[in-house]
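Numbering of residues begins at 1 and proceeds along the displayed sequence. If you're wondering where the values come from, they're calculated on a predicted model, not measured in any experiment. Whatever order the structure lists them in is the order used to number ligands and atoms, beginning at 1.
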Amino acid sequence: MIDPSSSLGLLVAEQPSRAEMFERLRLDYCCGGSQTLAQACQRVGLDPETVCRMLEALEHSVVNGHGLERNDWRRVSIAELCDHIVAAHHDTLRAELPRIDELLATVVRVHGTGHPELHDLQRLFQSLRQELEAHIETEERAMFPACRAAEADRTPVDETLICSHEQEHTDTGDALAALRELAQDYDTSRALCRTHRTLLQALARLELDLHQHIHEENNVLFPRARAPR
Ligand SMILES: [Fe+2]
Ligand SMILES: [Fe+2]
């Protein structure tokens, strides 16, 4: 039985496949991971009991082998979790951010005159790109080494360092929501050309990957960095 008073972050940490349903229902499990399922449902006008039943049905299909369970990152070492985040998420950002920037430049050049909102999208994306590139740099230079040391010495990571990263994650979450709104929910049926369609698909994938990335840091890595065992 799923308890609606559990936090979204914990629910996804327990069972990563729940993230897909939360994405579909627009329940913020990464930056908003500390809110309970009941609170999050109330915010978007969903019935928590119905969502619990949907999650249980999903679990049933996972248990019966119809769903593919991903790794439980709570069970690997902090060092392995940091390596996974760099390989799976930071390297994805290093490849995708310049590619999306180029796609945006093409779309703005071709359609920008008749669609001023594309200029806003480009400005917002470029400022997010800059912030993210600096953010992952700091994580790899300061945060992750501190997490690895915390595991080795069993002493918590400095709270100020963790809080500043959490704040940057919240800013990223806000920028992602603003990008989605400017790009009309990434609805590819409204794409102006093939490049615009590719751009919308790339932005939607970037959002999904960043939600997963921030969830793994906020809800799995940071609690362990605060209380290493
Ligand atoms: Fe990261
Ligand atoms: Fe981060």
Exercise. What about I85 and I136, same hydrophobic cluster or not, with Ile/Leu/Val/Met/Phe/Trp/Tyr joined at side-chain heavy-atom distances under 4.5 Å?
Worked result: no
Exercise. When you measure from the side chain of D120 to the backbone N and O of Q122, does any donor-acceptor pair fall under 3.5 Å?
Worked result: no
Exercise. Considering residues, nucleotides and ligands other than Q42, do more than 12 of their heavy atoms fall under 6.0 Å from its CD?
Worked result: no
Problem set entry | Where the Fe ion (ligand 2) is the vertex, angle from H169 NE2 to H135 NE2 to 10° | 90°
For this session: Flag H213 as yes if one of its N/O/S atoms falls below 2.8 Å of the Fe ion (ligand 1), otherwise no.
Result: yes
For this session: Please confirm if an N, O or S atom belonging to E139, backbone or side chain, lies less than 2.8 Å from the Fe ion (ligand 2).
Result: yes
For this session: Spell out, yes or no, whether F22 and L206 are grouped together once hydrophobic residues are joined by side-chain heavy atoms under 4.5 Å, including indirect joins.
Result: no
For this session: Can you measure from CD1 (I100) to CG (L203) and round to the nearest 0.5 angstrom?
Result: 5.0 Å
Problem set entry | Contact flag H165/the Fe ion (ligand 2), N/O/S atoms, threshold under 2.8 Å | no
Exercise. Which atom, counting only N, O or S, brings E217 closest to the Fe ion (ligand 2)?
Worked result: OE1
